[in-house]
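Structure first, commentary second.
None of the values given here were measured: they were computed from a predicted structure.
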Amino acid sequence: QVQLVESGGGMVQPGGSLKLSCATSGSIFSIYAMGWYRQAPGKQRELVATITSGGTTNYADSVKGRFTVSRDNAKNTVYLQMDSLKPEDTAVYYCNVRPYGGGYYWGQGTQVTVSS
């Protein structure tokens, strides 16, 4: 059984910071990429940031310079450091894992709320 466990969400004031983590367990050993997607109220799910096994990163334009994605290969964990948060960052954030060979796994989602 493959399981992705997310943590680190919560409420923060504009300009504040949060760090999300996603730990992968189960019978998945060959991961091509891990990353984060988010879905805000009334909007479609969108890519936030991804990182490959080789360390290549990709960010949505809306978060460049504010968010940083990283991974710990030994722990099979991906992180999302979110700085200078804005109200428009409010969303449910989902961890995503892509194994070599295709397919996806999703985390359960964690709520991030940015509000005064």
Side-chain angles (χ1 to χ4, degrees):
Q1 180 180 337
V2 175
Q3 186 170 322
L4 278 60
V5 179
E6 300 180 28
S7 62
M11 181 177 290
V12 67
Q13 294 183 349
S17 298
L18 286 172
K19 187 173 184 178
L20 307 182
S21 65
C22 175
T24 302
S25 63
S27 58
I28 180 170
F29 303 103
S30 299
I31 297 174
Y32 167 67
M34 304 179 73
W36 297 90
Y37 293 70
R38 69 186 182 188
Q39 188 164 21
K43 295 187 177 181
Q44 295 181 338
R45 187 174 298 186
E46 64 177 354
L47 181 146
V48 178
T50 61
I51 184 167
T52 69
S53 60
T56 301
T57 57
N58 184 43
Y59 296 93
D61 288 341
S62 60
V63 307
K64 286 181 179 177
R66 300 188 298 117
F67 290 11
T68 303
V69 64
S70 61
R71 66 186 295 170
D72 185 335
N73 289 338
K75 297 180 179 179
N76 247 1
T77 300
V78 63
Y79 305 92
L80 185 67
Q81 177 66 48
M82 303 183 292
D83 299 316
S84 302
L85 282 161
K86 304 175 180 180
E88 50 262 47
D89 295 317
T90 296
V92 177
Y93 285 70
Y94 297 91
C95 179
N96 175 267
V97 173
R98 297 177 60 193
Y100 283 101
Y104 295 90
Y105 294 98
W106 291 98
Q108 81 280 5
T110 185
Q111 178 70 48
V112 171
T113 301
V114 184
S115 179
S116 299

Supply the atom-to-atom distance [X] [atom1] to [Y] [atom2], rounded to the nearest 0.5 angstrom.
| X | Y | atom1 | atom2 | result |
| --- | --- | --- | --- | --- |
| Thr57 | Ile51 | OG1 | CD1 | 6.5 Å |
| Phe67 | Ser17 | CZ | OG | 9.5 Å |
| Ser115 | Asp89 | OG | CG | 12.5 Å |
| Glu88 | Ser62 | CD | OG | 8.5 Å |
| Asp72 | Ser21 | CG | OG | 11.0 Å |
| Leu47 | Trp36 | CG | CH2 | 12.5 Å |

Side chains of [X] and [Y]: does their closest heavy-atom pair fall under 4.5 Å?
| X | Y | result |
| --- | --- | --- |
| Met82 | Val12 | no |
| Tyr94 | Val48 | no |
| Val2 | Val97 | no |
| Met34 | Asn96 | no |
| Gln13 | Ser116 | no |
| Lys19 | Tyr79 | yes |
| Thr110 | Ser7 | no |
| Thr24 | Tyr105 | no |

What pair of heavy atoms forms the shortest contact from [X] to [Y], and how long is it?
| X | Y | value |
| --- | --- | --- |
| Val112 | Gly9 | CG2-CA, 4.3 Å |
| Ile31 | Tyr100 | O-CE1, 3.5 Å |
| Leu18 | Gly10 | CD1-O, 3.9 Å |
| Thr90 | Pro41 | O-CD, 4.2 Å |
| Ala91 | Gln39 | CB-O, 3.4 Å |

Partner set under side-chain hydrogen bond (donor to acceptor under 3.5 Å, both in side chains) for Gln111, not counting sequence neighbours: Thr113
Residues which pass side-chain hydrogen bond (donor to acceptor under 3.5 Å, both in side chains) with Ser70, listed by chain and number, not counting sequence neighbours: none
Inter- and intrachain pairs under salt bridge (charged side-chain N to carboxylate O under 4.0 Å, His left out), touching residues 44-55, at least two apart: Arg38-Glu46
Between Tyr37 and Trp106, ring centroids under 6.0 Å: yes
Intermediate values then yes/no, side-chain contact (heavy atoms from CB on, under 4.5 Å), Thr68 and Leu80: CA-CA 6 Å; Thr68 303; Leu80 185 67; over 6 Å; no
For the backbone of [Y] and the side chain of [X], can you confirm whether one donor and one acceptor N or O come within less than 3.5 Å of each other?
| X | Y | value |
| --- | --- | --- |
| Arg66 | Ser84 | yes |
| Gln3 | Ser25 | no |
| Thr77 | Lys75 | yes |

In one Ile/Leu/Val/Met/Phe/Trp/Tyr side-chain cluster, 4.5 Å: Tyr104, Val92: yes
Carboxylate-amine/guanidinium proximity below 4.0 Å for Lys64 and Asp61: yes
